[in-house]
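To start, the structure under review is shown below, and the notes come after it.
Proteins come first, then strands; the chains are lettered A, B, ... in the order of their sequence lines, and each starts at number 1.
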Number of protein chains: 2
Amino acid sequence: MATLHDVARAAGVSPMTVSNVLNKHPHVRAETRERVLKAIDELGYRVNVAARNLRAGRTDTIGFAVPEVDSPYFGQLASRIIAKAHDAGYRVAIERTGADRENELSAITSSRTRMYDGLILSAVGLGTADRELLNTDVPMVVLGESMADAPVDHIALPNEAGTYAATAHLVDRGCRRIAIVQGEDQSRLSVTSLRHAGYRRALADRGIEADDALVIGRRHLSIEDGRSAAHELVDGGAAFDGVVCITDTVALGVLRGLADRGLSVPGDVRVVGFDDILEARYSVPSLTTIDPDRDEVARLAVDLLLTRIAGSPGWQPHDHVTGFRLVERESTA
Amino acid sequence: MATLHDVARAAGVSPMTVSNVLNKHPHVRAETRERVLKAIDELGYRVNVAARNLRAGRTDTIGFAVPEVDSPYFGQLASRIIAKAHDAGYRVAIERTGADRENELSAITSSRTRMYDGLILSAVGLGTADRELLNTDVPMVVLGESMADAPVDHIALPNEAGTYAATAHLVDRGCRRIAIVQGEDQSRLSVTSLRHAGYRRALADRGIEADDALVIGRRHLSIEDGRSAAHELVDGGAAFDGVVCITDTVALGVLRGLADRGLSVPGDVRVVGFDDILEARYSVPSLTTIDPDRDEVARLAVDLLLTRIAGSPGWQPHDHVTGFRLVERESTA
DNA sequence: CTGAAAGCGCTTACAG
DNA sequence: CTGAAAGCGCTTACAG
């Protein structure tokens, strides 16, 4: 494969002039530039990015580490992050962690090996105990809950307030026996703990007694988990007329599970989700949910990261919480 | 940041010995290895991958270029490809092309810039006219139709046969007025052309006359396109009792669109999709579809690519077509 | 506007 | 089992 030196020789200029043309530096005579471009074309030359990265000390690439690449929520968030980063001249490499602590740590290491100029890490497996490990000089933005107060910029969803609104909405629609389908991680700042707290507070505020028989925990929060949770609720025999779901994916599974048991939504049971994934608009019935403003998450994450990459003297880590809105659809009509 | 030389100095060995430890070469005395590992740990040393890539001439990374990162089909395929590649010691960088010809070509260029050791390209925007551009020395596997007979390994889905089976299934269920919702690209080897051909052939074989009023084209094949296509069908007034959808995503939109118009599935209309995305199992009603064996696509794509990367004297490009099976669910019950 | 020199941080033969 | 030397292909100051 042709190198920059080959191009220089063919064009009768120095390697540095070729480099200047490649990097669109202004001080190159038009005629020289033409000669160089012609040589590049004729030789089919492509810059070797490994060499460029080594010398330049940057890759113009940011990493985005997510639990799963096939989750609608993260796919749709990734799509927005890619768009924002692209506008700023960065490419995005998506990395799968499987929500595993070790993999999340190794995503951080990947950045430290200079693969990425910075990292957006969706932290699920990391716990509050891992905070100190984030004390690194790599530009990083963490999405998630457990990292509040860690020494990095952090963006949280409106977990407690959002689920409060979702639960209150069910009460306003007349529900009195409201179940919740959630995760199994009960640690202090887990998504499940925070969203459960919003659910409990809403019930308490409306004078409704909580019933542990209506709390269903699932490990992985897949669509299948949602379905089996619905089966468990129905088969368990405790009366219920509303279900708060910890994610839209779980909610879509719950809709399916209720249909399996011949219950109609919203006629027999009302259901509300969280995330406002695209699919929530198209399910039958369409799904009432909390829209946590993914556009804002993407914009904020990229802006914060690029600021850190650019270097920010006197920078202090900040915790951000995005806004939300309740989107009312057929499942609670 | 500490370099390999810093580690060497701290451990009192040569840089090359550190490199040998790093790369797990066998001929290092246990005691020396310990000293080096200790120094690595103390200095918090991480290898600089840009330097390693430059020197080694490889990145241990393969690219996977997809039209959209937030499509269930590609997300679920990517997940499988990541797993296969990981087993072989490769990481996967997912790149979005937006189904745009220019972006697909630039994904190829990315590989030629040595960012990736090889590329799996899901070609949608590239046409048959671009075949020659694929005549490159970069290891590459193309997924899609339009690249048949191009000078690269190529994996096609069972488009014609799969849609034939889907259409025949509707006929067997009693449908006689069968619509199709497809794309707008009528070029010879487009997905739409191939799947449409399967639809037509099945109708012909069963002695059913095709009706152009039942062919609905949509540009982007999003879930919203599926919904609006269903509206167009119903509002157009032509009778129909079955719908063949070019993808499951379109089919989920069609289910929603039919629900909007008060039609029941499968009571009034039967619907069949293509892809067997996970969501097809959970929609209400669940979706009958063609499972094109994504596991085989992923396995084959990675195997072929790694073979090309390893170097294969006398290699000749091959076209592969994966198998399929019809998955019967509620939408055609 | 253009160039000669140095060096980014590794790994690869080659020796011993 | 360990090391000295060369070099992967670029870009960055510095000169002129």
Under the side-chain contact (heavy atoms from CB on, under 4.5 Å) criterion, do B:Ile40 and B:Leu22 qualify, and how do the steps go? CA-CA 10 Å; B:Ile40 287 175; B:Leu22 247 30; 3.5 Å; yes
Applying side-chain contact (heavy atoms from CB on, under 4.5 Å), can you list everything that pairs with A:Ser19, at least two apart in sequence or on another chain? A:Leu4, A:Asn23
DNA chain D: stems of at least 3 consecutive Watson-Crick or G-U pairs whose donor-acceptor distances fall under 3.5 Å: C:1-3 with D:14-16, C:5-12 with D:5-12, C:14-16 with D:1-3
Counting only non-hydrogen atoms, which of residues 8-20 of chain B are less than 4.0 Å from DNA chain C? B:Met16, B:Ser19
For residues 300-308 of chain A, dump all side-chain donor-acceptor pairs below 3.5 Å to protein atoms at least two apart in sequence or in another chain.
| unit_1 | atom_1 | unit_2 | atom_2 | d |
| --- | --- | --- | --- | --- |
| A:Thr307 | OG1 | A:Asp303 | O | 2.7 |
| A:Arg308 | NH1 | A:Ser312 | OG | 3.4 |

For A:Glu31, all residues meeting side-chain contact (heavy atoms from CB on, under 4.5 Å), sequence neighbours excluded: A:Arg29, A:Arg35
Can you list, by residue number, the residues of residues 39-61 of chain B that have a non-hydrogen atom closer than 4.0 angstrom to DNA chain D? B:Leu54, B:Arg55
Residues in side-chain contact (heavy atoms from CB on, under 4.5 Å) contact with A:His5, at least two apart in sequence or another chain: A:Thr3, A:Arg9, A:Pro15
Under 3.5 Å, side chain of B:Asp153 to main-chain N/O of B:His318, donor-acceptor pair present? yes
Test of understanding: with side-chain contact (heavy atoms from CB on, under 4.5 Å), list the residues that count as partners of B:Val138, not counting sequence neighbours. B:Ser111, B:Arg112, B:Thr136
So where does chain B start and stop touching DNA chain C, 5' to 3', when the test is distance under 4.0 Å to a non-hydrogen atom? C:dG9 to C:dA13
Working for side-chain contact (heavy atoms from CB on, under 4.5 Å), residues B:Val124 and B:Asp185: CA-CA 10 Å; B:Val124 179; B:Asp185 180 358; over 6 Å; no
The criterion is salt bridge (charged side-chain N to carboxylate O under 4.0 Å, His left out); which residues satisfy it with A:Glu42, sequence neighbours excluded? A:Lys38
Check for a donor-acceptor pair, side chain of B:Thr59 on one end and backbone N or O of B:Met115 on the other, with a separation under 3.5 Å. yes
Output side-chain donor-acceptor pairs under 3.5 Å for residues 70-77 of chain A, partner residues at least two apart or in another chain, one line each.
| unit_1 | atom_1 | unit_2 | atom_2 | d |
| --- | --- | --- | --- | --- |
| A:Ser71 | OG | A:Tyr73 | N | 3.3 |
| A:Ser71 | OG | A:Phe74 | N | 3.1 |
| A:Gln76 | OE1 | A:Leu278 | N | 3.0 |
| A:Gln76 | NE2 | A:Glu279 | OE1 | 3.1 |

Please set out all donor-acceptor pairs under 3.5 angstrom arising from side-chain atoms of residues 84-92 of chain A, sequence neighbours excluded.
| unit_1 | atom_1 | unit_2 | atom_2 | d |
| --- | --- | --- | --- | --- |
| A:Arg91 | NH1 | B:Glu95 | OE1 | 2.9 |
| A:Arg91 | NH1 | B:Tyr116 | OH | 3.3 |
| A:Arg91 | NH2 | B:Ser110 | OG | 3.3 |

